[in-house]
Every structure is written in C-alpha cells, then in structure tokens.
Amino acid sequence: MRATHVLIEPMNEELWSAVDRYISDVLVGHDAVLDAVLEASDAAGLPQISVTPNQGKLLYLLARMRGARTILEIGTLAGYSTIWLGRALPPDGELITIEADPKHADVALANISRAGLPARVELRRGLALEVLPALASEGKGPFDFVFIDADKPNIPEYFGWAMKLTTQGSVIIVDNVVREGAIIDETSGDPSVRGVRRLNEVLAREKRVSATTIQTVGAKGYDGFTIALR
Ligand code: SAH
Ligand code: DHB
Ligand code: MG
C-alpha cells in the first residue's frame with residue numbers, strides 16, 4: 001500500500017462519498033435511465049470505474065459551455081459518460097465513442113439505446129490506436145470536444161490523435177490523471193503514472209493548447225481531470 005493511500009483513506013473516503021451523494025441529490029438529481037445504465041453494468045460484471053454522477057454532469061456542462069456539436073470519447077465502458085456527453089449535444093450533433101472490449105461494447109450499446117441516443121452516438125469497436133487513424137483517414141472531425149478515458153499508458157498517444165482530430169477552440173479532457181497523488185513520483189515505474197507524466201511533458205511544450213489539471217475527491221477516490229483548450 002502506498003503512503004498516500006494509508007494517509008487518506010481512513011480519514012476521508014467516507015466523507016468524500018457522503019458529500020458526493022449530497023451533491024448528486026441536490027444538484028445532479030436522480031435519473032431512471034442513468035440508474036438503469038449502472039445496474040446493467042453491474043449485472044454484466046463490468047468494473048465500477050465510470051465517472052461519478054457529479055463528474056458526468058461536469059462533462060455535460062463543459063460540452064455545453066463549448067457548444068459542442070461533435071464529440072469523441074476514447075474508452076466507453078458501459079456508456080455512462082457517453083450518455084452524459086450525448087445529452088449535451090444538439091439534435092443534429094454527433095458523438096463517436098471507442099471501446100476495445102467486446103463485452104463492454106455490447107453493454108454500452110444496450111445502454112445507449114436505453115437512453116434514446118442511438119441516432120447521435122456511434123460506437124466504434126476496437127483498439128483506440130487502430131480506430132483513431134481510421135477515423136482520421138475517413139475524414140472524421142474536427143471534434144469540438146474529446147474525452148480521453150481508456151488505458152492510461154497510452155494517454156499521450158491519444159492526446160496526439162486528439163490534436164489531429166480537433167481544431168482551434170476544441171476542448172480535450174483527460175480522466176484519471178492524479179492517481180492518488182502518485183503522479184508526483186518522477187521515478188515511478190507504474191505505466192499509468194508514466195503515461196500521465198508523459199502527457200504533462202507534451203502539454204508543457206505544446207503551444208497550441210492551454211491546460212490545467214484539477215484534483216478531485218469523491219465516491220471514486222482521489223484522482224483528477226486535465227482540461228485543455230486548443
Ligand atoms: N468513460 C467511461 C469509463 C471508461 S473505463 C465512463 O466514465 O463511464 C475505460 C474503458 O477503456 C474500458 O471499458 C476499457 O475496456 C477501455 N479500453 C482500455 N484500453 C483500450 C484501448 N486500447 N482501446 C479502446 N478501449 C480501451
Ligand atoms: C480505471 C479506468 C478509469 O477510466 C477510471 O476512471 C478508473 C479506473 C482502471 O482502468 O482501473
Ligand atoms: Mg476514467
């Protein structure tokens with residue numbers, strides 16, 4: 001167990017979850033579709049690693065603030081974040097989400113149709129590093145908004161594709177970039193930590209984007225989002 005984890009967990013995880021529940025109850029609200037989405041995800045044995053309701057609404061709000069008409073998501077899981085993002089789109093908007101695991105993709109498709117979004121949402125099956133070049137060669141994009149939330153060691157490569165598939169004014173969000181504080185360890189051998197640190201090196205020298213990272217606590221622990229504006 002890492003030191004950060006020993007210090008944080010007994011003190012605060014219960015409180016973070018209680019505050020998340022309170023914020024969800026007061027500001028996010030309950031939604032039969034999203035409840036059913038998570039139930040279907042659990043019933044199928046998928047991992048409980050979707051964004052929280054508060055975070056889902058944050059993604060929705062950011063996409064609306066951007067006025068996003070085209071959204072790209074890398075890492076669908078059960079489609080929970082996909083549905084939040086899909087709901088931010090105007091009627092003629094489009095969302096493409098990429099998922100490598102066939103079982104996750106099956107559960108997500110059922111959930112997306114449960115949410116009444118299929119016309120606006122296209123799920124691409126396959127490894128993101130194969131699907132992204134295919135999207136580029138099909139002339140897809142530019143996307144107004146990109147959510148990167150798949151395997152963490154490849155985050156810098158996904159950011160590179162996001163740059164190819166976006167334009168000035170686009171927003172790129174990356175999930176799970178704080179990792180219980182482990183990202184400050186420059187000697188870390190954890191491939192996910194290394195992926196995030198490589199992203200930060202890219203961001204530090206990438207003149208076309210302005211970015212920051214926000215640490216988050218809540219029902220899914222201590223982590224964070226990187227938010228970049230192109
Ligand atoms: N965005 C979702 C959670 C995604 S979890 C939500 O918040 O609701 C990460 C997902 O990325 C998993 O479903 C996993 O199967 C998928 N994934 C992992 N590696 C991948 C890859 N190389 N290409 C595409 N998807 C991948
Ligand atoms: C994992 C992936 C996620 O996108 C997340 O939010 C939490 C955990 C994981 O692969 O373990
Ligand atoms: Mg995530």
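Since the structure is predicted, the reported quantities are computational estimates derived from the model, not experimental observations. In listed order, ligands and their atoms are each counted from 1.
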Ligand 2 polar-atom proximity to protein (N/O, under 3.5 Å):
from	atom 1	to	atom 2	distance (Å)
ligand 2	4 (O)	D149	OD1	2.6
ligand 2	4 (O)	K152	NZ	3.1
ligand 2	4 (O)	N176	OD1	2.9
ligand 2	6 (O)	I49	O	3.3
ligand 2	6 (O)	D175	OD2	3.3
ligand 2	6 (O)	N176	OD1	2.9
ligand 2	6 (O)	N176	ND2	2.7

Quiz item: What atoms of ligand 1 come closer than 4.0 angstrom to any heavy atom of L127?
Solution: 22 (N), 23 (N)
Quiz prompt | Nearest non-hydrogen protein atom, atom 18 (C) of ligand 1 | solution = D151 N, 3.7 Å
Self-check item: Residue D175 atom name (nearest to the Mg ion (ligand 3); N/O/S)
Solution: OD2
Quiz item: Between S17 and E13, is there a donor-acceptor pair closer than 3.5 Å when you use the side chain of the first and the backbone of the second?
Solution: yes
Quiz item: Are E201 and R194 close enough for a salt bridge, meaning some N to O gap below 4.0 Å?
Solution: no
Self-check item: N111 and Y80: CA distance, side-chain angles, deciding distance, side-chain hydrogen bond (donor to acceptor under 3.5 Å, both in side chains) verdict
Solution: CA-CA 8 Å; N111 280 335; Y80 184 80; over 6 Å; no
Quiz prompt | Close-contact set for ligand 1 against D101 heavy atoms, below 4.0 Å | solution = 15 (O)
Quiz item: Does even one non-hydrogen atom of Y158 get within less than 4.0 Å of ligand 1?
Solution: yes
Practice problem: Identify, for atom 5 (S) of ligand 1, the protein heavy atom at the shortest distance, and state residue, atom and that distance. | Solution: I49 CD1, 3.6 Å
Exercise. Please state whether the separation between the Mg ion (ligand 3) and some N/O/S atom of D149 is under 2.8 Å?
Key: yes
Self-check item: Electrostatic pair E39-R114, nearest N-O below 4.0 angstrom
Solution: no
Quiz prompt | R197 bridged to D190 by N-O distance under 4.0 Å | solution = no
Quiz prompt | Minimum heavy-atom distance between G181 and Y222, given as atom pair plus value | solution = N-CE2, 3.4 Å
Quiz item: Just going by heavy-atom distances, which of L59, L77, D149 is nearest to atom 9 (C) of ligand 1?
Solution: D149
Quiz item: Can you tell me the protein heavy atom closest to atom 6 (C) of ligand 1 and the distance?
Solution: S81 OG, 3.0 Å
Quiz prompt | Side chain E130, main chain L127, donor-acceptor under 3.5 Å | solution = no
Quiz prompt | G126 to ligand 1, any heavy atom closer than 4.0 Å | solution = yes
Quiz item: Is there a side chain to side chain contact (heavy atoms under 4.5 Å, CB included) between D25 and H30 once you walk through the steps?
Solution: CA-CA 7 Å; D25 288 350; H30 289 278; 2.8 Å; yes
Exercise. Would you check if the Mg ion (ligand 3) lies under 2.8 Å from any N, O or S atom of S81?
Key: no
